Amino acid sequence: MEYHTPVMLKQTMDVLKPKSGGIYLDATLGGGGHSLEILKNSSPDGRVIGLDLDREALKHSGEKLSRFGNRVLTVHENFKNARKVLDSLGIQYLDGAIMDLGISSHQIDEACRGFSYTKDAKLDMRMDQTQSLTAYEVVNAYSQKKLEEILYLYGEESYAKKIVANIIKARAVAPIVTTFELADIISKSVPLKHYKHGHPAKKTFQAIRIEVNQELKGLEQAVKDIIDRLKKGGTIAVITFHSLEDRIIKRLFKIESTDCICDKSLPICSCYHSATIKLLTKKPILPTEEEIKQNPRAASAKLRAAYKL
Ligand SMILES: C[S@@+](CC[C@H](N)C(=O)[O-])C[C@H]1O[C@@H](n2cnc3c(N)ncnc32)[C@H](O)[C@@H]1O
């Protein structure tokens, strides 16, 4: 099975336009699919700095991209620290950056990572296996109120109260240890008619995963930092997979591409804000029907891109 099939590869290269001599940041290296294409398209000397939280992904991509020698550097780091990584490498400006958010197919498919409600495993869901917080702690140690908040905010789950009440009841008897135990509790909390919207555990698992990996906190600042390090004309491409991520990127791109962000009712500008980027995608680019047929996981993907002014 392929480690991960890169999503909207051609569309991403069309906006990034890698060129020889360029320096690119792949903030979410994963299986290295986007990086491979950047390296090929920026021959003979374009470079990629690839970040990932997941050491397994870094090992896989490091091997896959090894033929490019010192044109590629893989770093175990959160993209929230991209600025620090670039500083340590003495890289002031980037020609382009890609962020392909969320988790890889490999992380979902490897049962032992505990991300999937369709595979029985210990509740884990850590992208970074060196961090201490796991899904087990979130499910078994968080307060009822905190769990409800997480399910509402990160899962947009309308049955949050019922699901959490049943989690609290179950864990009072014995800790909830596995993905199947949790999926079973959720399935029993959601009315049957709701099942037509997909697996009843989908939203709760998404919410817990976002909490474990703190996926949304700091995302906006990370994108700002990366934009800040782009050269004039350098491009940032961001692929999101759910509305929570996409809303953050859409809003930030709108602000960053606007000169004055004062309240429209004010007669004169008092913010003195200047646009830092120009949008390349007024509306997000979506995968083609053909791509979705070949890779159903691409279905919810949205690509937004902009270049530095
Ligand atoms: C959708 S996959 C990327 C796939 C990659 N573009 C490819 O073509 O194979 C997302 C990857 O980003 C990593 N990731 C998610 N959030 C991260 C963060 N804040 N910092 C660094 N890596 C992160 C995940 O561990 C995962 O390997």
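Bear in mind the structure is a predicted one, so any value in this text is a computation, not a measurement. One-based numbering, in listed order, for ligands and for the atoms of each. For the numbers below, each heavy atom of this structure counts, side chains included, while hydrogens, waters and symmetry mates do not.
- Selection from Asp100, Ile103, Asn78, Thr12 by nearest heavy atom to atom 4 (C) of ligand 1 gives Asp100.
- Atoms OG1 and CG, from Thr276 and Leu252 in turn, are 8.0 Å apart once rounded to the nearest 0.5 Å.
- Counting heavy atoms from C-beta outward, Met125 and Arg209 have side chains that approach closer than 4.5 Å.
- Taking only nitrogen or oxygen atoms, main chain and side chain alike, Pro6 does not reach within less than 3.5 Å of ligand 1.
- Backbone and side-chain nitrogen or oxygen atoms of Leu51 are examined, and none is located within less than 3.5 angstrom of a nitrogen or oxygen of ligand 1.
- Counting heavy-atom neighbours within 6.0 Å of Lys64 NZ, excluding the residue itself, gives a total above 12.
- For ligand 1, the atoms closer than 4.0 angstrom to any heavy atom of Gly33 are 7 (C), 8 (O), 9 (O).
- Of the protein's non-hydrogen atoms, the one nearest atom 9 (O) of ligand 1 is Gly31 N, 2.8 Å.
- By the 3.5 Å distance cut-off applied to N or O atoms, Gln107 is counted among the residues near ligand 1.
- Of the protein's heavy atoms, Phe79 N, 2.9 Å lies nearest to atom 20 (N) of ligand 1.
- At least one heavy atom of Ala27 sits closer than 4.0 Å to an atom of ligand 1.
- In the candidate list Leu29, Leu101, Leu53, Leu53 is nearest to atom 23 (C) of ligand 1, counting heavy atoms.
- Checking only distances, Phe241 never comes within under 3.5 Å of ligand 1, N or O to N or O.
- Remark: Gln221 CD to Ile248 CD1 distance equals 12.5 Å, nearest 0.5 Å.
- At the top of the distance list for atom 12 (O) of ligand 1, counting protein heavy atoms only, stands Thr28 CB, 3.2 Å.
- The side-chain heavy atoms of Gln11 and Val15, taken from C-beta on, include no pair separated by under 4.5 Å.
- Shortest contact from atom 11 (C) of ligand 1 to any protein heavy atom: Asp52 OD2, 3.6 Å.
- Polar contact check, Asp26 against ligand 1: no nitrogen or oxygen pair lies under 3.5 Å apart.
- Here the shortest heavy-atom distance to atom 21 (C) of ligand 1, taken over Glu77, Met127, His4, belongs to Glu77.
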